[in-house]
K.L.:
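The structure is given below, and queries will be raised subsequently.
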2 protein chains.
Amino acid sequence: MADPRLTFTLHHLVAVLDRHADAILRRELGMTYSQFLFLVTLEGAEGVDGTTLARHLDVSRAAVSKRLPWFVERALVEVRDDPRHGRRTRLFLTDAGRTLARTAADTLEDALQAPARSDLDVDLDALHRDLDALLTWLRAGLDAGAHDAPGADAPDDA
Amino acid sequence: MADPRLTFTLHHLVAVLDRHADAILRRELGMTYSQFLFLVTLEGAEGVDGTTLARHLDVSRAAVSKRLPWFVERALVEVRDDPRHGRRTRLFLTDAGRTLARTAADTLEDALQAPARSDLDVDLDALHRDLDALLTWLRAGLDAGAHDAPGADAPDDA
DNA sequence: CCCAGAATGTCAACTAGTTGACATGCTGCG
DNA sequence: CGCAGCATGTCAACTAGTTGACATTCTGGG
């Protein structure tokens with residue numbers, strides 16, 4: 001990374017994508033990109049507790065704890081007590097939450113990915129495979145070389 | 001993006017890269033990844049004013065304004081008045097700042113990119129080309145389709 | 001020349017995350 | 001059983017950004 005351009009391109013790309021997705025969702029659905037991420041992530045892991053959702057979102061437990069009331073007030077997410085564990089809660093999408101997550105996903109699909117697949121001369125699937133390989137390699141390297149570097153752990157989903 | 005996995009992989013990859021780079025720099029040089037970004041970005045644009053540096057960093061003017069004293073106190077960055085413009089300042093790396101930026105870049109190179117090039121079965125240059133193409137396409141699409149979506153502007157460097 | 005308007009750096013108030021501490025509940029070893 | 005230890009959710013304090021407002025400085029068209 002003495003030549004850090006690949007990393008820079010990645011950062012830039014993510015920033016532009018996020019901004020664009022955020023603008024679309026705000027305009028079309030009055031929601032934020034990170035609200036979308038929250039809902040979609042939960043959709044893919046329904047019934048998990050807060051700790052697990054935090055791990056899926058790559059965010060702290062406290063962050064999830066602070067954001068939850070917003071979704072509950074709007075009846076997008078339901079928090080149920082775990083009957084087997086007084087401390088733990090289980091999180092579910094309501095029907096409205098699921099519908100919103102899917103509508104948002106479709107909106108982004110139509111606005112971004114579909115156009116990209118049709119007019120861009122890049123094989124997105126191959127690209128995705130390479131990025132995945134890179135990610136996997138990185139994680140392996142981290143676990144191996146990092147005696148003192150903590151970072152995220154618990155290979156539970158990815 | 002009804003199938004948002006490419007975006008997710010990108011986010012994940014960037015997060016892992018940043019965490020790893022941050023850990024390395026903290027351990028080896030007692031500095032933060034975002035401090036490194038600040039220095040490297042300035043190295044590539046020496047003499048710019050705060051507004052321009054903010055644009056290069058993809059961050060607000062206020063953010064640069066708040067961070068500058070930290071670098072100046074440590075004699076890594078020098079702020080000179082622009083003789084032609086009483087309000088504007090021009091920003092330069094000191095020798096120490098330049099040295100630190102380069103050491104940090106080399107450290108990351110050794111720890112990440114070099115190993116990746118040697119044991120990873122991914123063509124990083126091709127990957128970079130594809131990401132660049134995607135980024136370029138995205139930006140073009142934004143400028144074209146976004147009547148109301150503001151976003152960043154001023155095609156000045158990238 | 002002059003003044004409307006834009007650009008610059010900074011400030012205050014806010015936002016969404018972090019870490020570390022805590023009370024509480026569960027688990028398993030003796 | 002009992003209790004040491006871990007996991008869970010939440011809180012307070014902090015961090016690094018944001019936006020919007022501001023004073024100040026420059027610029028350009030009458």
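Side-chain atoms are counted along with the backbone in the values below, which use heavy atoms only and exclude waters and symmetry mates.
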K.L.:
State whether a side-chain donor-acceptor pair under 3.5 Å links T51(B) with R88(B).
P.N.:
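No, no side-chain donor-acceptor pair sits under 3.5 Å.
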K.L.:
Take the protein atom CG of L91(B) and the nucleotide atom C1' of dG9(C), then report the distance between them rounded to whole Å.
P.N.:
11 Å
K.L.:
Closer than 4.0 Å, any side-chain N/O of S60(B) to the OP1 or OP2 of dT18(D)?
P.N.:
yes
K.L.:
Have T103(A) and D106(A) got a donor and an acceptor in their side chains that come within less than 3.5 Å?
P.N.:
no
K.L.:
Could R80(A) and F92(A) be counted as a cation-pi pair, given that NZ or CZ must be under 6.0 Å from the ring centre and within 45° of the axis?
P.N.:
yes
K.L.:
Starting at CZ of F38(A) and ending at C1' of dA16(C), how long is that distance when rounded to a whole Å?
P.N.:
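Distance check: F38(A) CZ to dA16(C) C1' gives 13 Å.
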K.L.:
Counting side-chain heavy atoms from CB outward, which of dC11(D), dG9(C), dG17(D) is closest to T51(B)?
P.N.:
dG9(C)
K.L.:
Can you figure out which of dG9(C), dG25(C), dG9(D) approaches the side chain of D49(A) most closely?
P.N.:
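My answer, after comparing the listed nucleotides, is dG9(D).
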K.L.:
Can you figure out which of dT25(D), dT10(C), dT18(C) approaches the side chain of H85(B) most closely?
P.N.:
dT25(D)
K.L.:
If you find the nucleotide of DNA chain C closest to R88(A) and the one closest to R61(A), which residue's nucleotide is nearer the 5' end?
P.N.:
R61(A)
K.L.:
Could you go through the side chain to side chain donor-acceptor pair (under 3.5 Å) check for H11(A) and D58(B) one step at a time?
P.N.:
CA-CA 10 Å; H11(A) 271 101; D58(B) 199 18; over 6 Å; no
K.L.:
If you measure only the distance, is there a donor-acceptor pair under 3.5 Å linking the side chains of W137(B) and D121(A)?
P.N.:
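Judged by distance alone, the side chains do not pair up.
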K.L.:
Can you check the Y33(B) OH to dA16(D) P distance for me, whole Å?
P.N.:
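Spelled out: OH on Y33(B) to P on dA16(D) is 16 Å.
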K.L.:
Could you pick out which residue, A63(A) or L68(B), lies toward the 5' side of DNA chain C when each is mapped onto its nearest nucleotide?
P.N.:
L68(B)
K.L.:
Is the base of dT8(C) touched by the side chain of R87(B) through a donor-acceptor pair closer than 3.5 angstrom?
P.N.:
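Under the 3.5 Å cut-off, the side chain and the base do form a donor-acceptor pair.
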K.L.:
Report yes or no: is there a donor-acceptor pair, N or O only, under 3.5 Å between the side chain of K66(A) and the base of dT15(C)?
P.N.:
no
K.L.:
Is R67(A) near enough to dG17(C) that one of its side-chain N or O atoms lies under 4.0 angstrom from OP1 or OP2?
P.N.:
yes
K.L.:
Does T89(A) have a side-chain nitrogen or oxygen under 4.0 Å from the phosphate oxygens OP1 or OP2 of dT8(D)?
P.N.:
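Checking T89(A) against dT8(D): no side-chain N or O falls below 4.0 Å of OP1 or OP2.
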K.L.:
Scan V64(A) against the nucleic acid and name what it touches under 4.0 Å (heavy atoms): base, sugar-phosphate only, or nothing.
P.N.:
nothing
K.L.:
With a 4.0 Å cutoff (strictly under), does any side-chain N or O of S65(B) reach OP1 or OP2 of dG9(C)?
P.N.:
no
